[in-house]
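Residue numbers count from 1 along this sequence. Side chains included, hydrogens not; waters and symmetry mates left out as well; all remaining heavy atoms used.
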Amino acid sequence: MKHTFIALLLLLLHPALCLAQAASNPAGAPEQIRSDLTRIEQEIGQANFDCDYRYFERIEADEFIFTDPSGTVTSRAQDLAGEKNCRKTGGTYALDDVRVAPYGNIAVVTARATTTTTNAGGTPVVRRNRFTDVFVWRMGRWQLVAGHSSRIS
């Protein structure tokens, strides 16, 4: 009788457990995930130009860390403090060679970014870098947990 009760309980809980598992992974085919994360990367580029503190507060996970080209590691708190004190610059941000590798509720994005701004003398300044960002699907959205960027000479 006890085994029958346990079996019945497991049968009743199985659909709920499956739904809970499905909710912990992003919806959509790999192409949709690629599209969503590419859009987020474009938004990150624009948010950097706009000093958009609120955007970074939303997209960065509490445990977010960023490693810059010199090897310096920045926490989420340090990154957000920098956004509060930054100066809007404007410019363009273009991505190419975007690769998105989804692994369940985790995705790794690598790409090449070209940023064009204007210096004080009005001359365009073009910078290129390669970056890797790691996202985790939480509470129905992607959150950035780690990033690294290397400048291309």
Side-chain angles (χ1 to χ4, degrees), residues 14-153:
H14 184 264
L17 292 173
C18 288
L19 285 173
Q21 177 64 29
S24 68
N25 288 329
E31 277 309 306
Q32 181 63 49
I33 293 169
R34 182 185 194 285
S35 175
D36 291 346
L37 288 168
T38 301
R39 176 186 45 78
I40 288 170
E41 291 292 0
Q42 288 285 1
E43 291 170 355
I44 288 171
Q46 187 59 49
N48 274 313
F49 284 131
D50 296 341
C51 301
D52 191 345
Y53 174 87
R54 296 249 185 260
Y55 183 82
F56 288 105
E57 189 176 45
R58 244 185 355 266
I59 199 73
E60 291 177 357
D62 289 341
E63 69 273 23
F64 172 75
I65 60 166
F66 178 75
T67 307
D68 72 16
S70 70
T72 301
V73 176
T74 304
S75 70
R76 178 180 189 256
Q78 291 167 317
D79 190 59
L80 291 176
E83 288 301 323
K84 278 188 171 179
N85 298 321
C86 87
R87 183 178 51 87
K88 292 183 181 185
T89 58
T92 63
Y93 182 78
L95 296 177
D96 66 286
D97 196 22
V98 178
R99 299 174 191 189
V100 177
Y103 302 99
N105 70 332
I106 297 169
V108 177
V109 179
T110 61
R112 185 173 43 219
T114 303
T115 305
T116 305
T117 58
T118 306
N119 68 15
T123 305
V125 177
V126 178
R127 290 197 174 102
R128 295 176 49 143
N129 68 337
R130 282 208 173 269
F131 68 86
T132 301
D133 282 342
V134 180
F135 291 88
V136 174
W137 181 261
R138 288 186 184 143
M139 298 175 288
R141 64 189 176 99
W142 288 108
Q143 285 196 296
L144 183 59
V145 294
H148 176 269
S149 180
S150 296
R151 184 145 305 151
I152 299 171
S153 301

- Is Asp79 close to Phe64 at the side-chain level, that is, under 4.5 Å between some pair of heavy atoms? yes

- Please report the closest heavy-atom contact between Pro102 and Val100, naming both atoms and the distance. CD-O, 3.5 Å

N/O donor to acceptor pairs below 3.5 angstrom from side-chain atoms of residues 139-153, sequence neighbours left out:
residue : atom : partner : partner atom : Å
Arg141  : NH1  : Arg58   : O            : 2.5
Gln143  : OE1  : Arg138  : NH1          : 3.4
Ser149  : OG   : Asn129  : ND2          : 2.5

- Note on the structure: Quick note, salt bridge (Lys or Arg N to Asp or Glu O under 4.0 Å) partners involving residues 41-53, not counting sequence neighbours, are Arg39-Glu43

- Message: How long is the straight-line distance from CZ of Phe66 back to OG1 of Thr72, given to the nearest 0.5 Å?
- Response: 10.0 Å

- Side-chain contact test, heavy atoms from C-beta onward, threshold under 4.5 Å: evaluate it for Asp62 versus Arg76 and give yes or no. yes

- Message: Do Ile33 and Phe135 make a side-chain contact, defined as non-hydrogen atoms from C-beta onward lying under 4.5 Å apart?
- Response: no

- Task: Side-chain contact test, heavy atoms from C-beta onward, threshold under 4.5 Å: evaluate it for Tyr55 versus Ile44 and give yes or no.
- Result: yes

- Separation between OG1 of Thr74 and CG of Leu80, rounded to the nearest 0.5 Å: 11.0 Å

- Item | Spacing of Ile59 atom CD1 and Ile40 atom CD1 [to the nearest 0.5 Å] | 4.5 Å

- Pair listing, salt bridge (Lys or Arg N to Asp or Glu O under 4.0 Å) test, anchored in residues 98-116, at least two apart: Asp96-Arg112, Asp97-Arg99

- How far does OG1 of Thr116 sit from OH of Tyr93, to the nearest 0.5 angstrom? 12.0 Å

- Minimum heavy-atom distance between Pro26 and Gly104, given as atom pair plus value: CD-O, 3.5 Å

- With side chains defined as the heavy atoms from C-beta onward, is the minimum distance between Val109 and Arg34 less than 4.5 Å? no

- Query: What are the two closest heavy atoms between Leu95 and Phe131, and how far apart are they?
  - Reply: CD2-CE2, 3.7 Å

